[in-house]
Amino acid sequence: MAYISVKRPKFSLLDRLYVVELVKGLGITFKHLALSLVGKSRGKGDFSKEGVGVCMQFPEERWDARLPEYYRGAPTLVRGEDGRERCVSCQLCEFICPARAIKVTPGSVDENSSCAKQEKAPAEFEIDMLRCIYCGMCQEVCPEQAIFLSKEYLITPQDRKDAVRNKETLYRLGGTRKGLVNKWNQYK
Amino acid sequence: MLPKDAAAAEGKVNVQINGKWYRFPKGTRIADACNSVGAHVPCFCYHPKLSVAGSCRMCLVEQGMPPRLAPGATPQYNEDGYQTISWMPRAVIACANTVAENMGIRTDSKLTSEARRGVLEFLLSNHPLDCPICDQAGECKLQEYTADYGRGTHRFTESKTKKGKNLSIGPRVNLDQERCVLCRRCVRFMKEIVGEEVLGVVGRGTHNAIACYPGTELDSNYSMNVVDICPVGAMTSKDFRFKMRVWFLKSTPTIDVTNGTGTNINIWTREQQVYRITPRQNDEVNSCWMPDDARLAYKYINAPARLTTPLVRTDAGADQRPSTWDATIGLVTEQLHKCAPTEVAMIASARMTNEELYMVRALAKQLGITKLDIVPRTGEADDLLVSADRNPNSTGAKLILGKEGKGLRTIRNGVRNGSIRFLIALGEDLTSEEAGFTAEDLAGLDYLLCVSHSENATTKAADVVLPGVTFAEKYGTMINVAGRIQRLNKAIEPMGEARSDWDIYRSISQSLGCDCVNVIACPSPMAVLEQMALEFEPMHGLTWGNIGNEGKAIIETGVTIPLIEREKAKK
Ligand code: SF4
Ligand code: SF4
Ligand code: SF4
Ligand code: FES
């Protein structure tokens, strides 16, 4: 394997002391504190229009409909429009995942199946939801557009084993996604 | 004196590479010269052990020579004593050309990289871009060079040529013709090294493809070497297919233990799992190659048959039950104290490292045993790398124990006629064909102590079983048939509670009352080696460090490795 060395950026003493960033962060906190003390907290208008008020009464009231389009929830696996399970078990997501939440067990595609050209698919695919930090790196690195972060945020496993989602669950949660690049067919 | 005369006196020539002057022996290939000074030249088809094909054109470099002199003119030298170089307007391939006096090479110039960019674009024009499903990804030359010289987008609007994918061309190798860059390394390997012409190129132009000749199969015992030398993922191993991406694997340099050659290998692991074995270059032992059977002889390391705790049978006829190390060693000591030394025999193994053999010797001495031998193992040699001696360390066993397996029959007879009541089997399955004991022989014994890494007929019959380790889990040295001492390195931790064999023998000796500090106070196999270096004449001066990854020839055995002899004769 070839190794390419990458230079880390040099930080000045001020950067390394971290004080400036700390003060900046605290500034934002105090700004919000001050605003809410005078009754002008952020987004108050929108919420009161919807009858939510300053505090959302969870679980009767929920974020679901109000989540921004870029919200990052639980990662899931998706099928393409052709019904093909898109993941080819390249294990790049396993490699990139900073929390080491993903474990892929690679396997082969049955030679007689309709997507035999793909040759490879996971025999098992596990994501440990107790480890996942919803960073979205897996979605970004996937060369097959097979893993996407959903809007699901209510994840309440009963025990550690229960927190590990297997391939079947991940595909069920991911469903079918339209408009993805069509690969591994007879034209390619 | 001019640099050219100084170099000529040493049989060398002066070559300027990227502006710096170096000296190389006459006849060095430009590619080798550049690589040796760190100016990397990308090559697909060139392999130092095969003939030169010059077909891929990836290794293009800009080259220049001193201007040709007009009749009667004398060469002009600058203050450093070199002639000026006039650069050629076109690039030349570095693999097929050799260096010459006052030659100039540029591996990083605009001309060079433009030429390589062009070549790479053509190589990729029909490439299927299979990386996500390709086992070569991560160690693929095409990926690496594309990172350096690729343009990132495809300019061809024609559809790509379709060829055979996932073809089985032999029992252990798969071929994907679309990924092939037609370097013909595989063809040349089979023809020049193995001597079986099985692979060839068929079709014309863009339909060129590698295939087996009709009616043949790539079934040689060296077939998997084509997987290693194939610069791309066209040839892939069936055994390693879709097992793990290579970037997760850690490679540990060690040696093969299936026969006396001691082929240098890398063993590739992730966590506690061994995924594959590949050959490691050693021009004195195995060149760049290894036989397939040795490559696939790793499955037992992670097999369910591995022993993970000491097992003891307290009452005759009862089942073995797991025990702890302290209790078991105590029990073994007690039992061995009861045995009369004349009625005890010990069977060691030439599959042990020198360090283990040394500890076995100490244990035998402590017990006062004279009936001790190893199990000889022979097979057919193949005139390449497989030696007739199927034990990896026969030379070591002969040096340290002074045994070659001649006394095994006496021990067997002793067991059968009842003069041997107690047997200690170290690292050998006594019911194997080579050892020649039967299940009845073992059942008739009063006491059978066994050290083994896996369950077998002997461990099942034993009164006490101590779990040892396989070659992937130990440090140690072995001496091959040609008398070369080489190191084994630990790639994974021992399974469960298993312990290194040398340490097991050391603990038993200690518990039996051995008071030799060189034995009982040994902290590591490296220390055992140092002790042996003092005791055995051929090992004088050896340390773990100075053996190195290539090993050291220490004994004249008169045995040679046919493949290496042939390679040397070619030079
Ligand atoms: S979102 Fe981040 S942490 Fe979660 S599985 Fe993906 S890469 Fe790992
Ligand atoms: S989800 Fe994407 S990145 Fe992860 S293994 Fe499957 S194809 Fe590769
Ligand atoms: S199969 Fe591999 S080694 Fe053989 S010609 Fe193609 S790229 Fe070269
Ligand atoms: S490496 Fe020189 S032409 Fe292929």
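Fair warning: this is a prediction, and the values are worked out from it, not measured in the lab. Below, chains carry the letters A, B, ... as their sequence lines are ordered, and counting in each starts from 1.
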Atom [atom1] of [X] with >12 non-hydrogen neighbours under 6.0 angstrom:
X	atom1	value
A:Lys40	NZ	no
B:Lys49	NZ	yes
A:Glu168	CD	no
B:Lys110	NZ	no
B:Phe248	CZ	yes
B:Arg117	CZ	yes
A:Glu152	CD	yes

Under 3.5 Å donor-acceptor pairs involving side-chain atoms of residues 119-129 of chain A, not counting sequence neighbours:
{"residue": "A:Glu119", "atom": "OE1", "partner": "B:Arg241", "partner atom": "NH2", "Å": "3.1"}
{"residue": "A:Lys120", "atom": "NZ", "partner": "A:Ser89", "partner atom": "O", "Å": "3.2"}
{"residue": "A:Glu124", "atom": "OE1", "partner": "A:Lys167", "partner atom": "N", "Å": "2.9"}
{"residue": "A:Asp128", "atom": "OD1", "partner": "A:Leu130", "partner atom": "N", "Å": "2.9"}

Exercise. Charged N to carboxylate O under 4.0 angstrom, B:Lys165 versus A:Glu111?
Worked result: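 No.
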For this session: Find the distance between CE (B:Met244) and OG1 (A:Thr105) and round it off to the nearest 0.5 Å.
Result: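 Going from the CE atom of B:Met244 to the OG1 atom of A:Thr105 covers 7.0 Å.
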Exercise. So how far is it from B:Ile133 CD1 to A:Ser108 OG, rounded to the nearest 0.5 Å?
Worked result: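 The OG atom of A:Ser108 is 10.0 Å from CD1 of B:Ile133, to the nearest 0.5 Å.
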Problem set entry | Structural part of B:Asp148 lying under 4.5 Å from a heavy atom of chain A |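 Contact with chain A: none, neither part.
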Seminar exercise, completed: Under a 4.5 Å heavy-atom criterion, the part of residues 17-39 of chain A in contact with chain B comprises none
For this session: List the steps, then state whether side chain to side chain contact (heavy atoms under 4.5 Å, CB included) holds for A:Val88 with B:Phe242.
Result: CA-CA 10 Å; A:Val88 299; B:Phe242 301 164; over 6 Å; no
Problem set entry | Partners meeting side-chain hydrogen bond (donor to acceptor under 3.5 Å, both in side chains) with B:Asp108 (sequence neighbours left out) | none
Seminar exercise, completed: B:His40 meets the side chain to side chain contact (heavy atoms under 4.5 Å, CB included) criterion, sequence neighbours left out, with B:Asn35, B:Tyr145
Exercise. What do the steps show when you test B:Arg270 against A:Glu94 for salt bridge (charged side-chain N to carboxylate O under 4.0 Å, His left out), and what is the final call?
Worked result: CA-CA 14 Å; B:Arg270 182 180 185 193; A:Glu94 178 175 354; 2.8 Å; yes
Exercise. Within the distance-only criterion (no hydrogens, no angle test), does the side chain of B:Arg245 pair as donor or acceptor with the backbone N or O of A:Leu92 below 3.5 angstrom?
Worked result: no
For this session: Please report the closest heavy-atom contact between B:Pro132 and A:Pro143, naming both atoms and the distance.
Result: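 Heavy atoms only, the tightest pair is CG-CG, 4.1 Å.
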